Every structure is written in structure tokens, then in C-alpha cells.
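These numbers come from a predicted model, not from an experiment. Every chain is numbered from 1, with letters handed out A, B, ... down the list of sequences.
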Protein chains: 2
Amino acid sequence: MATIKHVAKRANVSVATVSRVMNNNGYVSAEAREAVERAIAELDYAPNRVARSLFKKTSGLIGLIMPDITNPFFPQLARAIEDVANQHGYQVVLCNTDEQLSKEQTYLVALQTMHVDGLIITTNHSDNPNYEKLELPMVALDRIVKPGIDAVISNGYEGGRLAAETLLSCGATKLAHIAGPKHLLTVRRRTDGFLDVAGDRLVGMTHSSFAFKEALTAAQTLFDEYWPFDGVFAANDVIAAAVLQEAVRRNVRVPEDLQVIGYDGIELGEMTSPPLTTIAQPIYEMGRRATERLLDLIEKKETAAKEILLPVTLTERQTTKRKGHDA
Amino acid sequence: MATIKHVAKRANVSVATVSRVMNNNGYVSAEAREAVERAIAELDYAPNRVARSLFKKTSGLIGLIMPDITNPFFPQLARAIEDVANQHGYQVVLCNTDEQLSKEQTYLVALQTMHVDGLIITTNHSDNPNYEKLELPMVALDRIVKPGIDAVISNGYEGGRLAAETLLSCGATKLAHIAGPKHLLTVRRRTDGFLDVAGDRLVGMTHSSFAFKEALTAAQTLFDEYWPFDGVFAANDVIAAAVLQEAVRRNVRVPEDLQVIGYDGIELGEMTSPPLTTIAQPIYEMGRRATERLLDLIEKKETAAKEILLPVTLTERQTTKRKGHDA
DNA sequence: GCATAATGTGTAACCGGTTACATATCAACT
DNA sequence: AGTTGATATGTAACCGGTTACACATTATGC
């Protein structure tokens with residue numbers, strides 16, 4: 001690999017001059033600039049980012065910490081983050097923590113010692129003290145870490161309300177709910193919104209993680225203990241898919257006998273049979289906004305908002321009846 | 001952040017000695033070692049990887065180039081890669097190229113200038129000249145780039161055969177197939193294997209990308225043009241999910257009237273109704289093997305195998321009848 | 001008891017960039 | 001003509017590690 005010295009020699013200038021034309025700062029004569037540019041082209045030179053990084057204490061890297069990229073909600077987020085980062089010349093380092101504090105800790109020091117410029121965190125240990133001492137720009141995504149830390153989230157409470165309102169206005173009268181993991185504040189809000197609207201029309205509720213197998217078990221429990229009901233709101237689309245599958249197994253027709261609404265708006269919802277009605281978060285948008293915010297933080301554009309709340313929307317597919325039909 | 005100089009000063013030794021205890025090489029007296037270790041602990045010192053990287057020309061980073069992490073086959077792969085890399089102290093940089101040569105090119109120079117130690121490529125431009133001039137360890141995953149480059153793939157041809165054999169032994173007599181993108185050699189092999197066994201029992205075939213929307217269109221075309229058939233093999237699980245959905249739409253019962261087999265063995269297959277029978281690739285294992293191979297290459301353990309071929313297995317769920325029932 | 005090898009430690013060069021500072025030239029202004 | 005400021009460029013220090021090399025000191029062999 002060619003270095004700046006090779007370029008300097010070839011262009012008959014000093015390394016300082018080469019550096020000046022690369023970074024487009026300081027005074028450089030037209031001839032010198034031209035000579036340097038020719039040398040760069042001829043040698044196919046690209047500056048060593050490691051060397052630059054060492055001096056500038058900036059790496060062009062951002063760390064992305066998520067529980068598990070295998071959970072179908074995250075790839076879209078990762079994609080958005082990667083897209084925006086890339087457009088601005090940054091690369092992203094992927095870290096799966098399985099929500100284990102020890103892994104998180106290991107990654108944190110690894111990322112720190114490699115001088116990442118910022119962090120996006122979709123993992124939540126609100127109680128994790130590690131983040132605080134970290135003097136790094138960071139934004140929480142779909143999570144709320146701490147008052148002081150920027151967050152990008154969607155309106156879970158309204159989403160939960162919307163789910164209940166939709167179910168009711170589509171004619172459901174006996175509602176059931178499968179809530180998500182209790183330690184996720186953003187997920188609890190969906191449940192809160194749903195329950196507030198459902199009121200005493202709620203006939204049953206259970207909990208599940210976002211793993212499909214567990215969701216299936218939870219769905220079975222729901223049917224075993226609370227059937228009959230005619231409208232289910234699941235805390236995410238994976239759980240909703242489990243409800244759908246369990247309904248099929250029990251010969252419960254969807255949406256005729258039972259309407260189902262999921263949450264997230266991941267692609268999976270299009271692939272179930274019937275396709276899933278869901279409360280869609282603007283997933284890509286969330287990733288985009290979080291990254292833009294982070295880059296602003298990194299580049300010291302002191303932007304105002306500390307918490308960005310995005311709206312959710314109803315994506316009507318075929319697990320609900322047409323709205324207002326028999327409401 | 002504490003630097004090696006701070007540690008040296010505090011331990012009353014030179015930076016060389018500190019470096020020696022950090023790397024556990026050279027001679028260090030017991031007292032010196034102890035003093036250094038104490039200083040490290042007290043200062044909470046972690047060596048700057050950027051500085052180390054500059055001198056050693058090694059970064060502890062591996063580049064992961066994939067078409068689109070959003071495609072449900074890739075997250076598992078990424079997870080496996082990340083796990084293994086992490087266990088060995090490496091981090092992974094995620095790159096989505098959308099199979100666009102220009103993006104690939106941009107990433108390649110970015111990764112190169114940041115001195116990544118190796119590359120895992122799940123993207124395929126067999127014709128891409130960029131990879132050749134790259135003096136970097138790399139392994140192709142689920143792709144075949146070039147004879148000289150290591151590859152980890154699963155046995156697509158056998159998988160295709162297995163799909164056909166299964167369909168036939170479960171009583172299907174009129175087979176149909178939706179093939180995948182033509183430019184993917186590993187995917188074409190599935191089709192080859194399937195066709196070789198199907199022979200003249202094939203009644204129809206069409207093509208599709210791996211995008212669900214396109215797969216739905218392809219499924220419709222298949223039904224429109226070739227119905228009736230009683231066994232479908234789809235080139236991947238996403239396409240199979242589309243076939244399932246289209247079958248439901250047309251009131252074709254699965255598996256009674258139509259049996260369906262997918263390919264890949266992604267989690268989606270468990271979530272469809274009914275759950276999908278599929279030819280499962282050992283996805284996690286593939287990612288693991290590719291990464292282990294790459295690390296061997298990086299660390300110059302000249303290992304033999306140039307192409308690692310992994311077996312596929314049949315995952316019987318509920319879109320096929322019980323085997324041998326009516327064969 | 002002396003040559004030799006093993007052990008222990010510090011100094012400084014090096015990796016490949018960036019930039020403060022010194023120096024030089026030249027045009028403009030008084 | 002002399003001062004001043006803008007333009008242009010090179011030298012060398014610096015970022016934070018690693019390691020070749022020089023130099024001591026101690027242990028071992030004959």
C-alpha cells in the first residue's frame with residue numbers, strides 16, 4: 001500500500017502539502033495540487049484511516065449494540081443505521097449482547113479502545129452503570145436508558161390504544177392480550193395503552209418473550225384459560241404469528257371468529273396466512289433518525305431534542321374485519 | 001483515558017516494560033510485573049487499539065459484506081459470524097451492498113484503509129475484479145466467488161434432490177418449482193438437483209427473486225399457468241411462504257391438495273400456517289465454519305480445505321404428508 | 001575465577017497520518 | 001523603500017502503542 005510519503009516523493013512536495021490537498025485546507029498552489037493529485041491517482045493512494053484515527057482521536061466507526069440481530073425486528077433497524085452511517089462515511093460495528101451484562105461490558109471496552117465515535121443502543125439495562133462513565137455520544141433506539149441520554153422511540157402507548165380501538169370498531173367485544181417482556185418499558189407502554197381503552201372488555205391476558213416458541217406456549221395458555229374471546233392484541237408480530245398458528249390448530253377462523261392485531265410492522269406480517277393486521281412502527285425511520293441524531297451529536301451540532309417520539313400507524317391486512325363494518 | 005505512559009510513570013518503569021507485561025513477552029521481573037499490574041488496575045487502563053493497529057498492521061476487525069441483512073437468511077449468518085469473531089477477540093463491520101458493484105467497491109476501500117484483517121463475503125459478483133487485487137484473507141459464504149477463494153456452502157444439489165424425493169415419497173405426482181435468482185450459482189444447484197429427480201413429473205416452473213412481493217407474483221403465475229400440481233418446491237422459505245399464502249387464497253388445502261417444501265430452514269418456516277416443511281441448511285454452522293476458516297487464514301494456520309461443503313437436512317413440518325403414507 | 005548465557009530494563013525509532021511553527025516569497029499600502 | 005498581510009511550503013513534533021538495540025546485572029559452566 002502506498003503511503004503519504006510515496007505520494008510526496010512522487011509529487012516532489014512534502015507530506016504536509018499532500019495532507020493539505022487531501023484535506024483541502026491550508027494554502028496549496030495550483031501546480032502543487034495538480035502534481036499531488038496526479039501522484040495520488042497514479043499510486044492509487046488512499047490514506048490510512050488507522051493513522052489518521054490515532055492522531056485525530058476519531059475513527060469513523062459507530063458501535064451498534066443490540067440484543068440479537070436474529071430477532072426479526074432488528075435487521076431493518078440495522079439496515080437503516082448502516083445506510084445513513086455509510087452515506088456519511090461511517091462504518092458500523094455490530095454487537096450482539098443477548099442482553100447479558102457481561103457481553104455488553106466486554107463490547108463497551110472493545111468499542112471504546114478502538115475509538116468508535118458513537119454508540120447506538122437498542123439494548124436496555126437502564127440500570128447499567130457502564131454507559132454513564134462512557135464519555136461517548138450515544139443514542140438509545142427503541143429503548144429508554146436514562147433521562148440524560150437521547151432516545152428515539154415510537155409512541156407505544158398510542159399504538160396500544162390504536163390496537164384496542166381498531167379491534168373494538170371492527171366489532172370485537174371480548175378482548176385478550178399477550179404482553180411482552182416486562183422489563184422493556186417501551187413494550188409495557190403498548191400494554192398500558194391497550195388496557196386503558198379495553199377497560200372491562202378485557203377477558204384475558206398473558207405474557208411472553210419475543211421468542212416464537214415461547215409465544216406459542218403463551219398463545220396456548222391464552223386459549224386454554226380465557227377462551228372465548230374475539231379480539232387479540234399481541235405485543236409484537238412474532239407473538240401475533242403464534243396466535244394465528246394456534247388459532248388455525250384449534251379451527252378458530254381468523255378474522256371471522258377471532259381478530260388479531262400485532263405490533264411492529266415487520267415483513268413477517270405479510271407472510272402469514274392470512275396476512276397480519278398490525279400496528280406498524282416506522283422502523284426504518286427510527287433507525288434513520290437515531291443515526292442522524294448520533295451523527296449530529298458526534299459532529300457537535302448541538303441539536304435540541306432529547307427524545308424523539310415517532311407516530312405509529314395501523315396497517316390493515318386480513319386478520320381484522322373491515323373497520324366500522326359492524327361496530 | 002489513561003495511556004501507557006501514565007501506567008509507566010505510576011509503576012516507575014518504562015513504557016517498554018508496561019508493553020511487555022501487557023503482551024506477556026520479553027523478560028519482566030516479578031516486582032515490575034506486579035507494579036505494572038497494579039498501576040493498570042488503578043488507572044483502569046486499556047491499551048489503545050488504534051495505536052496498536054497502526055504499528056502491527058492488524059486491527060482485530062473483520063468485514064462482513066452481505067447483500068441485505070433484511071433478507072431473513074442473513075441475520076442468522078451474521079449472528080454466527082459475530083459470535084465466533086467475538087470469542088476470538090475480533091469485531092465485525094457490517095456492510096450491506098444490495099449487490100451493487102459501486103457500493104461494494106466503496107466498502108472495499110473503506111475496509112482496506114481501516115486495515116480489517118479479513119473479509120467474509122456473502123455477495124456474489126464472481127466477475128468482480130476488486131476482490132482479486134485485494135491482498136486480504138477472505139472466505140465466501142453461501143457463494144462461490146472464484147476457484148482461488150475459500151468457500152463455505154451447503155449441498156444445494158443434494159438439497160434439491162431431497163426435496164423432490166420427499167415430495168414424491170409423500171405421494172405427489174405432479175411437481176412444480178419456483179426457482180431463485182439465476183445469477184446465484186448455489187441457488188441454481190437446488191433447481192438442478194430437483195429437476196434431475198423430478199424428471200418428466202415436472203409440470204411447471206417459474207422464477208422469482210427472494211423478495212416476498214415478487215415471490216407472491218411468481219406464485220400466482222405458477223398457479224395461473226400450471227395448475228393443477230400437487231407438490232411445489234420453492235427455492236427458499238420466503239418463496240414457499242408466498243406459495244402457501246397463494247394456496248390459501250385459492251382455497252387449495254395444504255398439505256391435502258398441495259404439498260410444499262421450502263429451502264433454508266429459517267425461523268419464518270415455523271411461523272407460517274401450517275408450519276413449513278423445508279430443506280434446512282445448517283445456517284449457524286455455516287457462519288461458524290466460515291469465520292473459523294477466516295481466522296485460521298488470518299492467523300496463518302495454513303489449513304487445507306479450500307471449499308467446505310456442508311450437508312442439508314429435511315425438516316418435516318406440516319406442509320407435507322407423512323412420508324411413505326401413500327407412496 | 002573468568003567467559004558466556006540468561007535475565008531485566010530503558011531509549012529511541014517506527015507505524016502513517018496531521019498540524020504548529022518557522023521560513024520564504026510576493027503583492028499592496030503608506 | 002519599508003511595513004504588512006496573504007500565500008506557499010517544509011520540518012518536526014505528536015498521537016499511543018511495539019520492538020530493535022544497547023546496556024546492566026545475575027546465573028551458569030568449565
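If you find the closest nucleotide of DNA chain C to B/H115 and to B/A16, the one lying nearer the 5' end belongs to B/A16. Between A/K5 and A/R52, it is A/K5 whose nearest contact on DNA chain C lies nearer the 5' terminus.
At least one side-chain nitrogen or oxygen of B/S29 sits closer than 4.0 Å to the OP1 or OP2 atom of C/dT9. Residue A/N23 places at least one side-chain N or O closer than 4.0 Å to OP1 or OP2 of C/dT18. One finds a side-chain N or O of B/S19 lying less than 4.0 angstrom from the OP1 or OP2 phosphate oxygen of D/dT18. Within the 4.0 Å cut-off from OP1 or OP2 of C/dG10, at least one side-chain nitrogen or oxygen of B/S14 is found. Between C/dG17 and A/S53, no contact under 4.0 Å exists linking OP1 or OP2 to a side-chain N or O. Applying the 4.0 Å criterion to OP1 and OP2 of C/dA24, one finds that A/Y27 has every side-chain N and O outside that range. B/K57 has no side-chain polar atom (N or O) that falls below the 4.0 Å cut-off from OP1 or OP2 of D/dT18.
With no hydrogens or angles considered, no side-chain donor-acceptor pair links A/N96 and A/Y107 at under 3.5 Å.
Among the protein residues, A/V18 comes within range of no part of the nucleic acid, since none of its heavy atoms lies under 4.0 Å from any strand. The residue A/V13 sits close only to the backbone: its heavy atoms come under 4.0 Å of sugar-phosphate atoms, none of a base.
Using modelled atom types, no side-chain atom of B/H88 and backbone atom of B/A85 make a donor-acceptor pair closer than 3.5 Å. A donor-acceptor pair under 3.5 Å is absent between the side-chain atoms of A/S19 and the main chain of A/V15, judged by distance alone.
Side-chain atoms of A/V28 lie closest to D/dT9 of the nucleotides D/dT9, C/dC15, C/dT9. The listed nucleotides are D/dG16, C/dT9, D/dG10; the one nearest the side chain of A/T17 is D/dG10.
Counting only residues at least two apart or in different chains, side chain to side chain donor-acceptor pair (under 3.5 Å) contacts with residues 64-74 of chain B comprise A/R79-B/D68.
Scanning atom types as modelled, no donor and acceptor separated by under 3.5 angstrom connect the side chain of B/R33 and the base of C/dG8. On a pure distance criterion of 3.5 Å, a polar donor-acceptor pair joins the side chain of B/R20 and the base of C/dG10.
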Under 3.5 Å, sequence neighbours excluded: what are the donor-acceptor pairs made by side chains of residues 36-43 of chain A?
| unit_1 | atom_1 | unit_2 | atom_2 | d |
| --- | --- | --- | --- | --- |
| A/E42 | OE1 | A/R10 | NE | 2.6 |
| A/E42 | OE1 | A/R10 | NH2 | 3.0 |

